[in-house]
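Chain identifiers are assigned alphabetically (A, B, ...) following the order of the sequence lines, protein sequences preceding nucleic acid strands; residue numbering begins at 1 within each chain. All figures in this text were calculated on a predicted structure; none of them were measured in a lab.
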2 protein chains.
Amino acid sequence: MDAATTLKKHDLKVTKIRLAILDALGKTELAKPYAELQAMLAEFDRTTLYRTLLALMEKGVIHKALEENGESYYALCSDCSIETHVHDHMHFKCTTCGVVQCLDLPKRLKFSAPGIHIDSIEVFAKGQCSNCN
Amino acid sequence: MDAATTLKKHDLKVTKIRLAILDALGKTELAKPYAELQAMLAEFDRTTLYRTLLALMEKGVIHKALEENGESYYALCSDCSIETHVHDHMHFKCTTCGVVQCLDLPKRLKFSAPGIHIDSIEVFAKGQCSNCN
DNA sequence: TTTTAAATGCAACCGTGTTGCATTTAAAGG
DNA sequence: CCTTTAAATGCAACACGGTTGCATTTAAAA
């Protein structure tokens, strides 16, 4: 599915920066840091980038994979919508080369604690990616 | 163990702000957001707070429990040192009242993926705490 | 083609992260 | 108890991302 179709499916107008963001995030499971996105999209105002990222997240097109030391990483969603954000994957950062990627989880995680009700769980792992070990 | 002893054990000089931070974080498993810490420690320069938090983290006295929307939450470590930071607990945020706490994990988590070597895993859950459900 | 709600660009402000440097202080040694 | 000194602190300054208001532009529906 091309970028314009993706946007329409999520009730988003097709605009230049939205196409550019989807293009920048590619079709991979790799997450990009905000600073890199901004550099790739320097032709647009950073406020527009900010609001566009918000809109794409709200509509379930992209998600914030992780936040580390004030740096946010963004990645495409696989199958989210404005109603349901489901992420059955973990986020992995290679401490050697710095790449951040979404990895499938073998099964849905379940945790429990007395008196507590858990709605969502995020898993963030660090280590060495296949290129770096 | 009192705060001064804790500091000495981790090769840290006993200073006013360090005692105040340990006092602010209490003896509980609750994590405090940066803004709250800063408000409680308004008598100190924020640069000093910044550097003190860095020092306490490096020496294994406190840890950054989580980062969410640019807000960092800090909590005491249970048994860390400058050499080993071990956190066999997950971080939980109540989406109703906002409290963030460290919860014991039933067992050490293990994940694997082809070609990837995982060093550390963090788990961040959201839901309702025992007071809010 | 016209219309209009949405998107964009610009200005401005805030909070946190970060560094350099001068001053103060904890604590070790005499 | 003093002296000494490396470490800690306070202050100034800058960077950067988050955030909002408002005027202008534009996508896309009519």
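Nearest-nucleotide assignment on DNA chain D puts the 5′-proximal partner with B/Thr47, out of B/Thr47 and A/Lys16. When the nearest nucleotides of DNA chain D are assigned to B/Glu43 and B/Gly70 by heavy-atom distance, the more 5′-ward of the two goes with B/Glu43. Between B/Ser72 and A/Arg51, the residue anchored nearer the 5' end of DNA chain C, judged by the nucleotide with its closest heavy atom, is A/Arg51.
For a distance-only test at 3.5 Å, the side chain of B/Arg46 fails to qualify as a donor-acceptor partner of the base of D/dG10.
As judged by a 4.0 angstrom heavy-atom cut-off over every strand, B/Ala35 is placed among residues touching the sugar-phosphate backbone only.
When all heavy atoms of A/Leu7 and A/Lys13 are compared, the closest pair comes out as CD1-O, 4.1 Å. The heavy-atom pair separating A/Phe111 from B/Leu109 by the smallest distance is CZ-CD2, 3.9 Å. Contact record, A/Ala4 with A/Leu19: N-CD2, 3.7 Å, taken as the closest heavy-atom pair.
Rounded to whole Å, the distance from OH on B/Tyr73 to C1' on C/dT16 is 15 Å. Rounded to an integer number of Å, the gap from CG of A/Leu56 to P of C/dA7 is 10 Å. With rounding to whole Å, B/Leu7 atom CG is found 12 Å from C/dA26 atom C1'. As rounded to whole Å, 17 Å separates atom P of C/dA22 from atom CG of B/Asp45. One can place CG of A/Leu49 at 14 Å from C1' of D/dT19, the figure rounded to the nearest angstrom. The nearest whole Å value for the distance from the CZ atom in A/Phe44 to the C1' atom in D/dT26 is 13 Å. The distance from atom NZ of B/Lys13 to atom P of C/dT24 is 15 Å, rounded to the nearest whole Å. Between the P atom of D/dG17 and the CD atom of A/Glu36 lies a distance of 13 Å, rounded to the nearest Å.
Between B/Thr48 and D/dG10, a side-chain N or O to OP1/OP2 separation shorter than 4.0 Å is present. Of the side-chain N and O atoms in A/Tyr50, one or more sit less than 4.0 angstrom from OP1 or OP2 of D/dT19. The phosphate of D/dA8 (OP1 or OP2) has a side-chain N or O of B/Arg18 nearer than 4.0 angstrom. Note on B/Gln38: every side-chain N or O is 4.0 Å or more away from OP1 and OP2 of C/dG15. OP1 or OP2 of C/dT8 sits under 4.0 Å from a side-chain N or O of A/Thr52. In terms of phosphate contacts, B/Thr15 brings a side-chain nitrogen or oxygen within less than 4.0 Å of OP1 or OP2 of D/dT9.
Two residues are said to be in side-chain contact when any heavy atoms from C-beta on lie closer than 4.5 Å; A/Phe92 and A/Lys126 fail this criterion.
With B/His91 as reference, B/His63 is the one residue of B/His63, B/Glu122, B/Glu29, B/Gln101 to meet the side chain to side chain contact (heavy atoms under 4.5 Å, CB included) rule.
Of all nucleotides listed (D/dG17, D/dT19, C/dA26), D/dG17 comes nearest to the side chain of A/Tyr34.
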